[in-house]
Colleague: 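Got a structure here, written out as C-alpha coordinates. Questions coming.
Just so it is clear, the model here is predicted, and its values are computed rather than measured. Throughout, protein chains are lettered first and strands after them, A, B, ... in sequence-line order, and every chain is numbered starting at 1.
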Amino acid sequence: MTMQFDLVSPERSLASVKANAVDIPGTEGDMTAMPQHAALMTSLRPGIVRAVSDDTEIKVVVTGGFVEVTGENVTVLAEEAYSVDEVTDEVIEKLEAKAEAALDGKEGSSLDIAERRLAETKALRGLLGR
Amino acid sequence: MPSLKDLKLRIESVKSTRKITKAMQMVAAAKLRRAQNAAVSARPYSQHMRAVVANLARAAAGAESAPRVLTGTGSDKSHLLIVATAERGLCGSFNSSIVKLARIRARELIADGKTVRMLTIGRKGREQLQREFESRLVGHVDLSGMKSIEYRRIKEVAADILNSYDQGEFDQATLFYSRFKTVITQIPTAMQLIPIPVGEEDDDESAGGVFYEFEPDEQELLIELLPRAITNQVYSALLENAASEQGARMSAMDNATRNAGEMIDKLTIVYNRSRQAAITKELIEIISGAEAL
(Lines give C-alpha, C1' and ligand atoms only; values in the text may rest on other atoms or scores of the structure.)
Protein backbone atom coordinates (compact mmCIF):
# COMPACT_ATOMS: atom_id res chain seq x y z
CA MET A 1 0.00 0.00 0.00
CA THR A 2 1.34 3.38 -0.92
CA MET A 3 0.42 7.01 -0.75
CA GLN A 4 1.23 10.02 -2.87
CA PHE A 5 4.16 12.03 -1.54
CA ASP A 6 4.74 15.59 -2.79
CA LEU A 7 7.44 17.92 -1.62
CA VAL A 8 7.34 21.44 -2.99
CA SER A 9 9.18 24.63 -2.21
CA PRO A 10 8.13 28.05 -3.53
CA GLU A 11 10.62 27.82 -6.37
CA ARG A 12 10.19 24.25 -7.50
CA SER A 13 8.80 20.81 -6.92
CA LEU A 14 11.41 18.47 -5.44
CA ALA A 15 9.57 15.20 -5.28
CA SER A 16 6.32 13.69 -6.41
CA VAL A 17 6.36 9.93 -5.90
CA LYS A 18 4.53 7.03 -4.33
CA ALA A 19 5.81 6.25 -0.86
CA ASN A 20 5.24 3.66 1.85
CA ALA A 21 6.24 5.85 4.74
CA VAL A 22 7.35 9.41 5.31
CA ASP A 23 9.41 10.62 8.26
CA ILE A 24 8.48 14.16 9.21
CA PRO A 25 10.34 16.48 11.57
CA GLY A 26 7.34 18.27 13.10
CA THR A 27 7.64 21.22 15.47
CA GLU A 28 6.14 19.14 18.24
CA GLY A 29 8.18 16.06 17.52
CA ASP A 30 9.15 13.60 14.83
CA MET A 31 6.57 11.35 13.27
CA THR A 32 6.20 8.83 10.52
CA ALA A 33 3.17 9.01 8.30
CA MET A 34 1.99 5.82 6.65
CA PRO A 35 -0.97 5.14 4.36
CA GLN A 36 -4.32 5.55 6.10
CA HIS A 37 -2.84 7.96 8.60
CA ALA A 38 -5.43 10.20 10.22
CA ALA A 39 -5.77 13.61 8.60
CA LEU A 40 -3.21 15.90 10.15
CA MET A 41 -1.54 19.20 9.64
CA THR A 42 1.66 20.23 11.30
CA SER A 43 4.38 22.81 10.92
CA LEU A 44 7.96 21.73 10.35
CA ARG A 45 11.19 22.46 12.11
CA PRO A 46 14.56 22.44 10.35
CA GLY A 47 15.32 18.80 9.69
CA ILE A 48 15.25 16.00 7.17
CA VAL A 49 12.12 14.67 5.50
CA ARG A 50 12.59 11.08 4.44
CA ALA A 51 10.24 9.24 2.11
CA VAL A 52 10.62 5.49 1.70
CA SER A 53 9.15 3.43 -1.08
CA ASP A 54 9.83 -0.17 -2.12
CA ASP A 55 13.00 0.55 -4.01
CA THR A 56 14.05 4.09 -3.24
CA GLU A 57 14.54 6.50 -0.44
CA ILE A 58 14.32 10.28 -0.83
CA LYS A 59 15.90 12.56 1.72
CA VAL A 60 15.30 16.28 1.66
CA VAL A 61 16.59 18.91 4.03
CA VAL A 62 13.94 21.47 4.90
CA THR A 63 14.23 24.66 6.91
CA GLY A 64 10.61 24.82 7.93
CA GLY A 65 7.15 24.84 6.43
CA PHE A 66 4.03 22.73 6.68
CA VAL A 67 2.86 19.20 6.10
CA GLU A 68 -0.59 18.07 5.23
CA VAL A 69 -1.27 14.39 5.79
CA THR A 70 -4.39 12.62 4.62
CA GLY A 71 -4.91 8.90 4.24
CA GLU A 72 -3.74 8.99 0.64
CA ASN A 73 -1.45 12.02 0.48
CA VAL A 74 1.48 13.55 2.21
CA THR A 75 2.14 17.08 1.00
CA VAL A 76 5.12 18.99 2.30
CA LEU A 77 5.12 22.73 1.75
CA ALA A 78 8.72 23.55 2.55
CA GLU A 79 10.00 27.05 3.11
CA GLU A 80 13.37 26.15 1.66
CA ALA A 81 14.30 22.68 0.54
CA TYR A 82 17.47 21.01 -0.66
CA SER A 83 17.86 17.37 -1.57
CA VAL A 84 20.58 15.82 0.56
CA ASP A 85 23.15 15.68 -2.25
CA GLU A 86 22.77 19.41 -2.83
CA VAL A 87 23.60 20.28 0.76
CA THR A 88 27.21 21.28 0.92
CA ASP A 89 28.96 22.75 3.95
CA GLU A 90 28.44 26.09 2.31
CA VAL A 91 24.66 25.69 2.29
CA ILE A 92 24.66 24.68 5.94
CA GLU A 93 26.78 27.68 6.85
CA LYS A 94 24.40 29.95 5.00
CA LEU A 95 21.40 28.49 6.80
CA GLU A 96 23.11 28.83 10.16
CA ALA A 97 24.06 32.42 9.45
CA LYS A 98 20.49 33.18 8.51
CA ALA A 99 19.10 31.58 11.66
CA GLU A 100 21.56 33.60 13.70
CA ALA A 101 20.66 36.83 11.94
CA ALA A 102 17.03 36.13 12.81
CA LEU A 103 17.88 36.55 16.52
CA ASP A 104 18.48 40.27 16.06
CA GLY A 105 15.88 42.52 17.53
CA LYS A 106 13.73 39.70 18.87
CA GLU A 107 12.55 39.51 22.43
CA GLY A 108 10.30 37.42 24.63
CA SER A 109 8.66 34.41 23.04
CA SER A 110 9.74 35.20 19.50
CA LEU A 111 13.35 35.24 20.71
CA ASP A 112 12.79 31.78 22.19
CA ILE A 113 11.44 30.56 18.88
CA ALA A 114 14.35 32.04 16.95
CA GLU A 115 16.81 30.49 19.39
CA ARG A 116 15.19 27.12 19.07
CA ARG A 117 15.35 27.38 15.29
CA LEU A 118 19.02 28.19 15.47
CA ALA A 119 19.67 25.15 17.65
CA GLU A 120 17.68 22.96 15.28
CA THR A 121 19.54 24.34 12.29
CA LYS A 122 22.84 23.61 13.98
CA ALA A 123 21.65 20.08 14.67
CA LEU A 124 21.32 19.54 10.91
CA ARG A 125 25.06 18.90 10.67
CA GLY A 126 24.78 15.96 13.03
CA LEU A 127 21.78 14.56 11.18
CA LEU A 128 23.72 14.69 7.95
CA GLY A 129 26.76 13.11 9.58
CA ARG A 130 29.12 16.00 8.89
CA MET B 1 9.65 63.52 -53.84
CA PRO B 2 12.59 62.72 -51.58
CA SER B 3 15.94 62.51 -53.29
CA LEU B 4 17.65 59.22 -53.94
CA LYS B 5 20.15 59.89 -51.22
CA ASP B 6 17.44 60.55 -48.64
CA LEU B 7 15.69 57.34 -49.57
CA LYS B 8 18.87 55.37 -49.27
CA LEU B 9 19.54 56.79 -45.80
CA ARG B 10 15.99 56.05 -44.77
CA ILE B 11 16.28 52.44 -45.86
CA GLU B 12 19.53 52.05 -43.98
CA SER B 13 18.01 53.45 -40.82
CA VAL B 14 14.98 51.18 -40.97
CA LYS B 15 17.32 48.26 -41.55
CA SER B 16 19.23 48.98 -38.39
CA THR B 17 15.98 49.39 -36.48
CA ARG B 18 14.99 45.97 -37.73
CA LYS B 19 18.25 44.53 -36.50
CA ILE B 20 17.65 45.93 -33.04
CA THR B 21 14.06 44.74 -32.77
CA LYS B 22 15.12 41.33 -34.04
CA ALA B 23 17.82 41.13 -31.38
CA MET B 24 15.38 42.24 -28.68
CA GLN B 25 12.94 39.62 -29.80
CA MET B 26 15.53 36.89 -29.49
CA VAL B 27 16.65 38.08 -26.08
CA ALA B 28 13.02 38.16 -24.94
CA ALA B 29 12.52 34.64 -26.25
CA ALA B 30 15.46 33.36 -24.25
CA LYS B 31 14.34 35.17 -21.12
CA LEU B 32 10.79 34.03 -21.66
CA ARG B 33 11.84 30.41 -21.51
CA ARG B 34 13.49 30.96 -18.15
CA ALA B 35 10.63 33.05 -16.76
CA GLN B 36 8.07 30.57 -17.97
CA ASN B 37 9.91 27.69 -16.33
CA ALA B 38 10.05 29.60 -13.07
CA ALA B 39 6.37 30.41 -13.23
CA VAL B 40 5.39 26.85 -14.05
CA SER B 41 7.57 25.26 -11.39
CA ALA B 42 6.14 27.59 -8.76
CA ARG B 43 2.59 26.58 -9.55
CA PRO B 44 2.43 23.29 -7.58
CA TYR B 45 3.42 25.10 -4.39
CA SER B 46 0.77 27.76 -4.74
CA GLN B 47 -1.86 25.17 -5.59
CA HIS B 48 -1.05 23.11 -2.51
CA MET B 49 -0.78 26.25 -0.44
CA ARG B 50 -4.20 27.39 -1.52
CA ALA B 51 -5.72 24.01 -0.64
CA VAL B 52 -4.07 23.96 2.77
CA VAL B 53 -5.18 27.51 3.56
CA ALA B 54 -8.73 26.69 2.49
CA ASN B 55 -8.75 23.64 4.79
CA LEU B 56 -7.36 25.55 7.71
CA ALA B 57 -9.62 28.50 7.16
CA ARG B 58 -12.61 26.23 7.23
CA ALA B 59 -11.45 24.72 10.49
CA ALA B 60 -10.85 28.11 12.03
CA ALA B 61 -13.91 29.81 10.58
CA GLY B 62 -16.31 31.10 13.17
CA ALA B 63 -13.70 31.14 15.89
CA GLU B 64 -13.61 34.58 17.41
CA SER B 65 -9.88 34.64 17.58
CA ALA B 66 -9.48 33.89 13.87
CA PRO B 67 -6.77 36.17 12.47
CA ARG B 68 -7.91 39.36 10.83
CA VAL B 69 -6.03 38.57 7.67
CA LEU B 70 -8.63 35.89 7.13
CA THR B 71 -11.77 37.56 8.44
CA GLY B 72 -11.13 41.13 7.31
CA THR B 73 -11.46 44.22 9.44
CA GLY B 74 -15.21 44.31 9.10
CA SER B 75 -15.15 47.43 6.98
CA ASP B 76 -14.13 48.21 3.43
CA LYS B 77 -13.45 51.90 3.70
CA SER B 78 -9.85 52.03 2.69
CA HIS B 79 -8.21 50.08 -0.08
CA LEU B 80 -4.67 49.33 -1.04
CA LEU B 81 -4.08 48.71 -4.73
CA ILE B 82 -0.83 46.97 -5.47
CA VAL B 83 0.09 47.49 -9.10
CA ALA B 84 2.76 45.17 -10.41
CA THR B 85 4.31 46.13 -13.73
CA ALA B 86 7.66 45.85 -15.47
CA GLU B 87 10.82 47.87 -15.11
CA ARG B 88 11.15 48.34 -18.83
CA GLY B 89 8.96 49.33 -21.69
CA LEU B 90 8.89 48.19 -25.31
CA CYS B 91 6.60 45.31 -24.51
CA GLY B 92 3.42 46.25 -26.29
CA SER B 93 0.41 46.99 -24.14
CA PHE B 94 1.69 44.90 -21.23
CA ASN B 95 2.25 47.72 -18.77
CA SER B 96 -0.57 49.95 -19.87
CA SER B 97 -3.21 47.22 -19.73
CA ILE B 98 -2.37 46.47 -16.11
CA VAL B 99 -2.34 50.16 -15.27
CA LYS B 100 -5.62 50.65 -17.06
CA LEU B 101 -7.30 47.96 -14.99
CA ALA B 102 -5.96 49.47 -11.78
CA ARG B 103 -6.93 52.97 -12.83
CA ILE B 104 -10.52 51.96 -13.56
CA ARG B 105 -10.77 50.26 -10.17
CA ALA B 106 -9.23 53.25 -8.42
CA ARG B 107 -11.66 55.68 -10.04
CA GLU B 108 -14.62 53.50 -9.08
CA LEU B 109 -13.48 53.28 -5.49
CA ILE B 110 -12.82 57.00 -5.26
CA ALA B 111 -16.24 57.72 -6.75
CA ASP B 112 -17.73 55.53 -4.01
CA GLY B 113 -16.02 57.70 -1.45
CA LYS B 114 -13.44 55.13 -0.36
CA THR B 115 -9.89 55.85 0.57
CA VAL B 116 -7.48 54.55 -2.03
CA ARG B 117 -3.77 54.07 -1.62
CA MET B 118 -1.42 52.60 -4.12
CA LEU B 119 1.73 50.60 -3.94
CA THR B 120 3.61 50.19 -7.17
CA ILE B 121 5.96 47.40 -8.06
CA GLY B 122 8.03 48.16 -11.12
CA ARG B 123 8.97 51.54 -12.55
CA LYS B 124 6.66 51.66 -15.55
CA GLY B 125 3.46 51.42 -13.56
CA ARG B 126 4.59 54.18 -11.24
CA GLU B 127 5.39 56.51 -14.12
CA GLN B 128 1.97 56.03 -15.62
CA LEU B 129 0.04 56.38 -12.38
CA GLN B 130 1.98 59.35 -11.08
CA ARG B 131 0.09 61.85 -13.20
CA GLU B 132 -3.33 61.00 -11.88
CA PHE B 133 -2.72 59.53 -8.44
CA GLU B 134 0.42 61.27 -7.25
CA SER B 135 -0.87 61.87 -3.72
CA ARG B 136 -2.13 58.33 -3.32
CA LEU B 137 1.08 56.51 -4.07
CA VAL B 138 2.34 55.28 -0.73
CA GLY B 139 5.23 53.13 -1.75
CA HIS B 140 7.29 51.69 -4.49
CA VAL B 141 9.19 48.45 -4.90
CA ASP B 142 12.12 48.59 -7.23
CA LEU B 143 12.68 45.42 -9.17
CA SER B 144 15.62 46.64 -11.21
CA GLY B 145 18.85 44.88 -10.51
CA MET B 146 16.97 41.71 -9.76
CA LYS B 147 17.71 39.24 -12.49
CA SER B 148 14.93 36.92 -11.51
CA ILE B 149 12.20 37.29 -8.93
CA GLU B 150 13.78 36.37 -5.60
CA TYR B 151 11.59 34.78 -2.97
CA ARG B 152 13.58 36.32 -0.15
CA ARG B 153 13.05 39.85 -1.44
CA ILE B 154 9.34 39.29 -2.02
CA LYS B 155 9.06 38.04 1.55
CA GLU B 156 10.09 41.51 2.76
CA VAL B 157 7.60 43.18 0.46
CA ALA B 158 4.80 40.97 1.71
CA ALA B 159 5.88 41.52 5.32
CA ASP B 160 5.64 45.27 4.78
CA ILE B 161 2.15 44.92 3.35
CA LEU B 162 1.05 42.76 6.27
CA ASN B 163 2.58 45.16 8.73
CA SER B 164 0.66 48.11 7.43
CA TYR B 165 -2.48 45.97 7.45
CA ASP B 166 -1.92 45.15 11.10
CA GLN B 167 -1.57 48.84 11.80
CA GLY B 168 -4.95 49.39 10.23
CA GLU B 169 -3.75 51.40 7.27
CA PHE B 170 -6.13 49.64 4.92
CA ASP B 171 -9.00 47.17 4.98
CA GLN B 172 -8.56 45.47 1.68
CA ALA B 173 -5.63 44.85 -0.62
CA THR B 174 -5.89 44.00 -4.27
CA LEU B 175 -3.01 42.97 -6.46
CA PHE B 176 -2.95 43.88 -10.15
CA TYR B 177 -0.77 41.83 -12.42
CA SER B 178 -0.85 40.01 -15.70
CA ARG B 179 -1.53 36.31 -15.78
CA PHE B 180 0.54 34.36 -18.24
CA LYS B 181 -1.68 32.25 -20.45
CA THR B 182 0.30 31.79 -23.61
CA VAL B 183 3.10 33.68 -25.27
CA ILE B 184 0.63 35.87 -27.11
CA THR B 185 -2.13 36.06 -24.49
CA GLN B 186 -1.59 37.65 -21.13
CA ILE B 187 -4.59 38.44 -19.02
CA PRO B 188 -4.50 41.53 -16.80
CA THR B 189 -5.90 40.33 -13.51
CA ALA B 190 -7.05 41.84 -10.24
CA MET B 191 -6.59 39.50 -7.31
CA GLN B 192 -7.83 40.11 -3.80
CA LEU B 193 -4.91 39.61 -1.47
CA ILE B 194 -6.22 40.65 1.93
CA PRO B 195 -8.50 39.45 3.42
CA ILE B 196 -7.61 36.08 2.00
CA PRO B 197 -10.55 34.94 -0.09
CA VAL B 198 -11.66 31.53 1.06
CA GLY B 199 -12.93 29.75 -2.01
CA GLU B 200 -16.06 27.67 -1.72
CA GLU B 201 -15.66 26.05 -5.10
CA ASP B 202 -13.32 23.25 -4.07
CA ASP B 203 -15.70 22.07 -1.37
CA ASP B 204 -16.63 18.87 -3.09
CA GLU B 205 -13.03 17.76 -3.34
CA SER B 206 -11.32 18.37 -0.07
CA ALA B 207 -13.98 19.16 2.50
CA GLY B 208 -16.14 16.06 2.55
CA GLY B 209 -16.09 16.04 6.33
CA VAL B 210 -12.35 15.61 6.68
CA PHE B 211 -11.31 16.80 10.09
CA TYR B 212 -7.70 17.52 10.56
CA GLU B 213 -5.70 17.20 13.66
CA PHE B 214 -3.48 20.19 14.10
CA GLU B 215 -0.08 20.31 15.60
CA PRO B 216 0.35 22.88 17.14
CA ASP B 217 -3.29 24.05 17.26
CA GLU B 218 -5.19 25.78 14.46
CA GLN B 219 -4.53 29.29 15.65
CA GLU B 220 -0.80 28.91 15.95
CA LEU B 221 -0.58 27.19 12.60
CA LEU B 222 -2.65 29.88 10.97
CA ILE B 223 -0.50 32.63 12.38
CA GLU B 224 2.51 31.00 10.81
CA LEU B 225 0.83 29.95 7.61
CA LEU B 226 -1.06 33.07 6.57
CA PRO B 227 1.91 35.39 6.07
CA ARG B 228 3.47 32.70 3.94
CA ALA B 229 0.32 32.27 1.94
CA ILE B 230 0.30 36.01 1.23
CA THR B 231 3.98 36.00 0.35
CA ASN B 232 3.40 33.14 -1.97
CA GLN B 233 0.50 34.89 -3.68
CA VAL B 234 2.64 37.94 -4.36
CA TYR B 235 5.57 35.81 -5.40
CA SER B 236 3.66 33.70 -7.87
CA ALA B 237 1.88 36.77 -9.25
CA LEU B 238 5.24 38.41 -9.90
CA LEU B 239 6.56 35.29 -11.57
CA GLU B 240 3.52 35.23 -13.84
CA ASN B 241 4.07 38.90 -14.49
CA ALA B 242 7.70 38.37 -15.45
CA ALA B 243 6.76 35.62 -17.89
CA SER B 244 3.97 37.77 -19.32
CA GLU B 245 6.32 40.70 -19.77
CA GLN B 246 8.76 38.67 -21.80
CA GLY B 247 5.95 37.12 -23.80
CA ALA B 248 4.49 40.54 -24.55
CA ARG B 249 7.88 41.93 -25.46
CA MET B 250 8.59 39.02 -27.73
CA SER B 251 5.40 39.42 -29.70
CA ALA B 252 5.70 43.21 -29.78
CA MET B 253 9.22 42.96 -31.14
CA ASP B 254 8.16 40.30 -33.61
CA ASN B 255 5.54 42.72 -34.94
CA ALA B 256 8.05 45.53 -35.05
CA THR B 257 10.51 43.39 -36.99
CA ARG B 258 7.84 42.46 -39.48
CA ASN B 259 6.70 46.05 -39.88
CA ALA B 260 10.26 47.18 -40.46
CA GLY B 261 10.61 44.52 -43.15
CA GLU B 262 7.48 45.74 -44.90
CA MET B 263 8.67 49.30 -44.72
CA ILE B 264 12.00 48.38 -46.22
CA ASP B 265 10.23 46.63 -49.11
CA LYS B 266 8.07 49.67 -49.79
CA LEU B 267 10.94 52.10 -49.58
CA THR B 268 13.04 49.93 -51.87
CA ILE B 269 10.31 50.03 -54.51
CA VAL B 270 10.08 53.81 -54.26
CA TYR B 271 13.85 54.02 -54.43
CA ASN B 272 14.06 51.86 -57.57
CA ARG B 273 11.25 53.77 -59.24
CA SER B 274 12.82 57.14 -58.70
CA ARG B 275 16.19 55.83 -59.82
CA GLN B 276 14.58 54.55 -63.00
CA ALA B 277 12.74 57.86 -63.44
CA ALA B 278 16.00 59.74 -63.14
CA ILE B 279 17.65 57.53 -65.74
CA THR B 280 14.72 57.94 -68.14
CA LYS B 281 14.78 61.68 -67.66
CA GLU B 282 18.47 61.87 -68.45
CA LEU B 283 18.00 59.71 -71.55
CA ILE B 284 15.23 61.97 -72.83
CA GLU B 285 17.41 64.99 -72.27
CA ILE B 286 20.27 63.45 -74.21
CA ILE B 287 18.04 62.31 -77.06
CA SER B 288 16.23 65.62 -77.38
CA GLY B 289 19.56 67.38 -77.19
CA ALA B 290 20.88 65.26 -80.07
CA GLU B 291 17.75 65.88 -82.14
CA ALA B 292 18.06 69.66 -81.70
CA LEU B 293 21.43 69.56 -83.37
Colleague: Does any backbone or side-chain atom of A:S13 lie under 4.5 Å from a heavy atom of chain B? Answer side chain, backbone, both or neither.
Modeller: both
Colleague: Can you tell me which portion of A:T75 sits under 4.5 Å from chain B's heavy atoms? Options are side chain, backbone, both or neither.
Modeller: side chain
Colleague: Any chance you could measure B:M24, atom CE, to B:L90, atom CG, to the nearest 0.5 Å?
Modeller: 4.5 Å
Colleague: Measure distances from B:Y235 to the heavy atoms of chain A and classify the residue's part below 4.5 Å as side chain, backbone, both or neither.
Modeller: side chain
Colleague: Salt bridge or not between A:R12 and A:E86? Use side-chain N to carboxylate O under 4.0 Å.
Modeller: yes
Colleague: Let me know if A:V69 has heavy atoms under 4.5 Å from chain B in its side chain, its backbone, both or neither.
Modeller: backbone
Colleague: Need one label for A:S16: side chain, backbone, both or neither, based on atoms under 4.5 Å from any heavy atom in chain B.
Modeller: neither
Colleague: Does any backbone or side-chain atom of B:L225 lie under 4.5 Å from a heavy atom of chain A? Answer side chain, backbone, both or neither.
Modeller: both
Colleague: Do B:E224 and B:R228 meet the salt-bridge criterion of a basic N to acidic O distance under 4.0 Å?
Modeller: yes
Colleague: Given heavy-atom pairs under 4.5 angstrom as the criterion, report whether the side chain, backbone, both or neither of A:E11 touches chain B.
Modeller: both
Colleague: Roughly how far, to the nearest 0.5 Å, is OG of A:S83 from CD1 of A:I48?
Modeller: 11.5 Å
Colleague: With sequence neighbours left out, which residue pairs that include part of residues 13-30 of chain A fulfil the salt bridge (charged side-chain N to carboxylate O under 4.0 Å, His left out) condition?
Modeller: A:D23-A:R50, A:D30-A:R45
Colleague: Flag this pair as yes if the NZ/CZ of B:R117 is under 6.0 angstrom from the six-membered ring centre of B:F170 and inside a 45 degree cone about the axis; otherwise no.
Modeller: no
